[in-house]
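Everything below concerns the one structure shown next.
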Amino acid sequence: MRIQDDTPDTGTGGPEAGPDPGAATTTAVTGAAPTPTPGPRAEEARTEEHGAPGPIDVRTLTRVLFERLAELPAQAPEREQVRAALIEVNIPLVRYAATRFRSRNEPMEDVVQVGTIGLINAIDRFDPSRGVQFPTYALPTILGEIKRYFRDNVRTMHVPRRLQELWVQVSGAMEELTVLHGRTPKVPEIAANLRIPEEDVRACLDAGRAYNAASLEAAQEHEGGLALLDRLGYEDSALTDVEHRDMVRHLLVQLPERERRIVMLRFFANLTQSQISNELGMSQMHVSRLLTRILTRLRTGNNWDE
């Protein structure tokens, strides 16, 4: 990317304006006292075409600004002007990094603002003497700040940190394999590429894009306007009794005929002990004793012994 310098050449040899952050940028780049003859720095920062000022390379302008920043004392008011110019010049780098997250359904301007925080941190920590280009140094810092934002502030459901970190590798492998094969890669191909189990890839694909929770009451267009809530099943209150009924049936068949009839009359026909005694021609006390014995045996699950 190149930034057009609209300021006429004044003969000082230095770039008089950056990417139009204002007069502060002009002072920051040229310094308080412009030199009368162009030096090597100015020759690198400006090219001439037919006598008109040419475009200024962003990398060169960034290097010039960092060199100027290194020359200024720590308390110099001009440092803030140079720092502001560096931020303004490198905003396109933030926008480039933000495009990697356009599939997250988050407003791009919010992502750019978060990435700008990473850019500012990179500017404050950058050491030009190490011989590293600033974009090479700054891009991981910007991406890290954006990823931290999505991890800590955007997700509406908790995803384990291990899956979040693995998703970065899986998404990178998917892009690489898509370019290689010309199609969307399959789970076994991703797992083979990363040398991880297929189960981890599937879990990662399920959790990797889990940033927004869908409302159960929201209508689904591809489902004929039905909401998710309308298509969810419900728990049958009698379902938990199925296992109990089957167990009781297994125990009842082990009872003698008379005792099995007493249980049926008491708990299925809802007769009282007095009614059962009249039905079977025995005393109510005897019916009570038999019921106690029967229930004890049924609860313990033992076979009936006469």
Side-chain angles (χ1 to χ4, degrees), residues 1 92-119 121-122 132-236 239-240 242-243:
M1 176 178 177
L93 181 63
V94 178
R95 295 191 178 278
Y96 166 75
T99 57
R100 298 191 180 188
F101 302 89
R102 57 178 174 267
S103 62
R104 301 290 181 86
N105 296 324
E106 190 72 8
M108 188 55 59
E109 285 305 314
D110 291 352
V111 181
V112 170
Q113 288 183 17
V114 174
T116 304
I117 297 175
L119 172 64
N121 292 334
V132 180
Q133 292 286 342
F134 177 71
T136 304
Y137 174 83
L139 188 58
T141 306
I142 296 170
L143 291 173
E145 194 68 35
I146 295 175
K147 290 175 182 178
R148 189 178 301 107
Y149 166 74
F150 278 103
R151 185 185 68 221
D152 298 337
N153 302 304
V154 175
R155 291 184 184 269
T156 56
M157 58 187 71
H158 174 71
V159 175
R161 179 69 178 272
R162 184 182 69 86
L163 289 181
Q164 294 182 33
E165 295 175 348
L166 186 60
W167 168 244
V168 177
Q169 302 178 38
V170 170
S171 59
M174 289 176 62
E175 294 179 4
E176 179 182 342
L177 293 174
T178 299
V179 174
L180 181 63
H181 300 300
R183 58 174 175 79
T184 302
K186 299 179 181 179
V187 170
E189 295 173 338
I190 300 172
N193 181 272
L194 296 176
R195 298 180 181 180
I196 60 176
E198 294 183 14
E199 292 76 10
D200 287 352
V201 176
R202 292 191 180 93
C204 194
L205 293 174
D206 290 338
R209 297 188 177 92
Y211 290 95
N212 297 308
S215 172
L216 293 177
E217 298 181 354
Q220 306 293 313
E221 295 182 1
H222 60 281
E223 297 291 344
L226 292 176
L228 289 173
L229 189 61
D230 298 330
R231 297 186 289 113
L232 291 178
Y234 64 92
E235 183 176 352
D236 190 345
L239 188 62
T240 56
V242 172
E243 185 178 355

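Source: prediction; values computed, not measured. The basis for the numbers below is simple: all heavy atoms, side chains too, and nothing from hydrogens, waters or symmetry mates.
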- Item | Intermediate values then yes/no, side-chain contact (heavy atoms from CB on, under 4.5 Å), Glu145 and Asn121 | CA-CA 10 Å; Glu145 194 68 35; Asn121 292 334; 3.9 Å; yes
- Query: Within a strict 4.5 Å, meaning less than it, do heavy atoms of the Gln169 and Met174 side chains meet?
  - Reply: no
- Any side-chain heavy atom of Arg102 within less than 4.5 Å of one from Thr99? yes
- Item | Any side-chain heavy-atom pair of Ile142 and Thr116 under 4.5 Å | no
- Task: Heavy atoms only: give me the nearest Asn193-Ala173 pair and the separation to one decimal.
- Result: OD1-CB, 3.6 Å
- Task: Begin with the C-alpha distance, continue with both residues' side-chain angles, and end with the deciding distance and a verdict on side-chain contact (heavy atoms from CB on, under 4.5 Å) for Val94 and Val114.
- Result: CA-CA 9 Å; Val94 178; Val114 174; over 6 Å; no
- Message: Using 0.5 Å steps for rounding, measure from the CG atom of Leu166 to the CG atom of Leu205.
- Response: 9.0 Å
- Query: Is Tyr96 close to Leu139 at the side-chain level, that is, under 4.5 Å between some pair of heavy atoms?
  - Reply: yes
- Note on the structure: The reported gap from CZ in Arg202 to CD1 in Ile190 (rounded to nearest 0.5 angstrom) is 10.0 Å
- Query: Quick one: do Glu198 and Lys186 make a salt bridge, cutoff under 4.0 Å?
  - Reply: no
- Query: Rounded to the nearest 0.5 Å, what separation is found between the NE2 atom of His181 and the CD atom of Glu176?
  - Reply: 9.0 Å
- Any side-chain heavy-atom pair from Met108 and Phe101 closer than 4.5 angstrom? no
- Item | Gap between atom CG of Leu93 and atom OG1 of Thr141 - 0.5 Å precision | 10.0 Å
- Message: Can a donor-acceptor pair be found, under 3.5 Å and without considering hydrogens, that links the side chain of Thr136 to the backbone of Val132?
- Response: no
- Message: Side chains of Val170 and Asp200, heavy atoms from C-beta outward: is any pair under 4.5 Å?
- Response: no
- Query: Less than 4.0 Å between a side-chain N and a carboxylate O, is that true for Arg100 and Glu175?
  - Reply: no
- Item | Criterion side-chain contact (heavy atoms from CB on, under 4.5 Å) on Glu109 and Arg95, from CA distance to verdict | CA-CA 9 Å; Glu109 285 305 314; Arg95 295 191 178 278; 3.3 Å; yes
